[in-house]
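This is a predicted model, so every value here is computed, not measured.
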Amino acid sequence: MRLKSATVIAVCALALGLAGCEAQHASTGPGGVGTPASTVEPAADQQRGHGRFVATTEHLTSSGKGDVGFDIDVPQVRVEGTGVNWSAGREFNDAMVQGLWTYVDKQQDPAVITDPNKSSKVERIGTHVLSGMLYLRVDFHGAHPEDRLFSHVTNIDTAQEITLASLFTDQQQGLNVLAAQTKTQLTRTRVADVVRFDDVQAVAATFQVWTATQEGLHVYFPQGHIGPEAAGVVDVTVPWSDLNGVLKPGMLAVLSS
């Protein structure tokens with residue numbers, strides 16, 4: 001690790017809870033504070049008991065003295081009231097922090113990681129699902145920074161991640177339909193003329209970045225993955241009605257909540 005202890009504390013405070021950090025670093029506090037977000041409202045029927053999840057962020061910054069610096073508002077959720085499955089909130093929050101940490105830890109060259117357009121967000125708080133996106137711009141102090149994406153979807157009922165493997169009754173059949181419907185949606189985008197449709201293959205690697213919204217499965221393609229770098233990040237939403245026939249029983253109710 002090239003990051004200084006203040007950075008480690010910041011990540012630890014989120015991933016393990018403040019008490020866990022204090023046990024290892026009694027003299028140092030967390031590296032960021034939560035800032036309430038107002039862009040996402042919980043689903044009207046999301047209340048479990050008298051509580052609900054609410055979108056927020058955690059501002060994480062590095063010490064600025066290591067090879068890799070970062071300054072990111074990481075999407076998080078908090079609870080208002082009681083009766084909410086907080087294990088799901090903790091799973092979601094930990095995963096979003098780990099998403100940042102994964103990119104920080106694997107950088108081999110000096111870089112600065114930011115989210116200049118403040119695009120990272122909790123995309124959906126549903127009755128049964130939490131979805132979040134992390135946008136990272138990695139600047140290697142050169143002319144062309146790279147945009148990286150990370151997403152996470154949590155089942156509120158089970159407090160477990162929802163992965164592509166857990167979506168479909170038959171994974172390959174599901175990917176075939178998802179790829180075909182994604183191509184259909186891409187023909188309606190502003191970058192349809194420059195998209196490399198042959199790169200939208202029916203394999204899990206093509207759909208690593210996705211979220212669950214009320215309307216459908218929101219697919220993101222990082223900069224340069226299916227088109228020229230100038231096209232930027234490309235995203236489309238595949239309606240649930242186009243996927244319902246290949247989803248596992250009960251999954252539609254969870255994902256679209």
Side-chain angles (χ1 to χ4, degrees), residues 39-40 75 95-96 99-100 102-103 113-126 129-138 144-155 161-248 251-257:
T39 56
V40 174
M96 296 305 293
L100 169 62
T102 297
Y103 282 110
I113 302 175
T114 60
D115 179 8
N117 297 320
K118 302 298 182 183
S119 298
S120 299
K121 59 186 175 181
V122 176
E123 187 161 348
R124 177 67 181 162
I125 298 177
V129 71
L130 300 170
S131 287
M133 277 294 305
L134 193 61
Y135 285 77
L136 304 175
R137 178 158 295 175
V138 184
H144 302 290
E146 297 179 4
D147 287 339
R148 309 283 175 80
L149 304 176
F150 173 83
S151 66
H152 192 80
V153 182
T154 298
N155 186 321
E161 179 184 6
I162 301 176
T163 64
L164 282 177
S166 63
L167 283 183
F168 304 117
T169 303
D170 180 286
Q171 184 173 357
Q172 189 55 60
Q173 182 182 4
L175 288 170
N176 291 342
V177 173
L178 178 58
Q181 294 299 328
T182 297
K183 291 178 181 179
T184 297
Q185 295 298 323
L186 284 168
T187 65
R188 303 166 183 167
T189 67
R190 60 178 176 80
V191 294
D193 291 342
V194 297
V195 166
R196 298 188 299 267
F197 285 91
D198 288 344
D199 288 345
V200 184
Q201 299 180 18
V203 295
T206 303
F207 301 100
Q208 288 184 343
V209 186
W210 65 277
T211 59
T213 71
Q214 199 165 26
E215 295 74 24
L217 194 149
H218 195 170
V219 182
Y220 293 83
F221 296 100
Q223 183 180 20
H225 276 221
I226 62 168
E229 294 284 334
V233 173
V234 177
D235 68 296
V236 296
T237 298
V238 177
W240 294 124
S241 58
D242 293 334
L243 298 172
N244 192 24
V246 292
L247 294 174
K248 287 183 177 179
M251 188 57 71
L252 178 61
V254 172
L255 295 169
S256 63
S257 67

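Side chains of Leu164 and Phe207 form a contact here, defined as non-hydrogen atoms less than 4.5 Å apart. No side-chain heavy atom of Met251 sits less than 4.5 Å from a side-chain heavy atom of Phe168.
Closest non-hydrogen pair, Pro239 versus Gln185, comes out as CD-NE2, 3.7 Å. Nearest approach of Tyr103 to Leu149, heavy atoms of both residues: OH-O, 3.0 Å. Here the closest heavy-atom approach between residue Gly99 and residue Leu134 is recorded as C-CD2, 3.9 Å. Residues Val238 and Asp242 approach most closely at CG1-CB, 4.2 Å, considering heavy atoms. Ala212 and Val153 make their closest contact through N-CG2, 4.0 Å (heavy atoms, listed as atom of the first residue, atom of the second, distance).
For Ser166, the side-chain contact (heavy atoms from CB on, under 4.5 Å) partners two or more places apart in sequence, or in a different chain, are Ile162, Thr163. For Glu215, the side chain to side chain donor-acceptor pair (under 3.5 Å) partners are Thr213, not counting sequence neighbours. Taking Ser151 as the reference, Met133, Val209, Thr211 meet the side-chain contact (heavy atoms from CB on, under 4.5 Å) condition, with sequence neighbours excluded. By the side-chain contact (heavy atoms from CB on, under 4.5 Å) test, Arg190 is found to be paired with no residue, residues two or more places apart in sequence or in another chain being considered. Evaluation of the side chain to side chain donor-acceptor pair (under 3.5 Å) rule for Asp115 yields Ser120 as partners, not counting sequence neighbours. Every residue meeting the side-chain contact (heavy atoms from CB on, under 4.5 Å) condition with Thr169, not counting sequence neighbours, appears here in chain and number order: Lys248, Pro249. Listed by chain and number, the residues in a ring pair (Phe, Tyr, Trp, His ring centres under 6.0 Å) with His225 amount to none (sequence neighbours excluded). Looking at residues two or more places apart in sequence or on another chain, you find no side chain to side chain donor-acceptor pair (under 3.5 Å) involving Glu161. By the ring pair (Phe, Tyr, Trp, His ring centres under 6.0 Å) test, Tyr220 is found to be paired with His218, residues two or more places apart in sequence or in another chain being considered. In terms of the side chain to side chain donor-acceptor pair (under 3.5 Å) criterion, residue partners of Asp147 (sequence neighbours excluded) are, by chain and number, Arg137.
To the nearest 0.5 angstrom, Glu146 atom CD is 8.0 Å from Gln223 atom CD. The distance from the CZ atom of Phe221 to the OG1 atom of Thr206 is 7.0 Å, given to the nearest 0.5 Å. In this structure, CG on Asp235 lies 15.0 Å from CH2 on Trp210, to the nearest 0.5 angstrom. Rounded to the nearest 0.5 angstrom, Gln201 CD and Lys183 NZ are separated by 8.0 Å. Taking CG of Leu243 as the start and CG of Leu255 as the end, the distance is 9.5 Å to the nearest 0.5 Å. Here the CG-CG distance, from Leu252 to Asn244, works out to 4.5 Å after rounding to the nearest 0.5 Å.
Checking side-chain atoms of Arg124 against main-chain N and O of Ser257 turns up a donor-acceptor pair under 3.5 Å.
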(message) Could you walk me through whether Thr154 and Val129 satisfy the side-chain contact (heavy atoms from CB on, under 4.5 Å) test, starting with their C-alpha distance in whole Å, then the side-chain angles of each, then the deciding distance to 0.1 Å, before giving a yes or no?
(response) CA-CA 6 Å; Thr154 298; Val129 71; over 6 Å; no
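Applying the salt bridge (charged side-chain N to carboxylate O under 4.0 Å, His left out) test to pairs two or more places apart or on separate chains, those with a residue in residues 193-211 are Arg196-Asp199.
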Which donor-acceptor pairs under 3.5 Å do side chains of residues 172-182 form with protein atoms, sequence neighbours excluded?
| unit_1 | atom_1 | unit_2 | atom_2 | d |
| --- | --- | --- | --- | --- |
| Gln172 | NE2 | Asn176 | OD1 | 2.9 |
| Gln172 | NE2 | Ala202 | O | 3.0 |
| Asn176 | ND2 | Gln172 | O | 3.3 |
| Thr182 | OG1 | Leu178 | O | 2.7 |

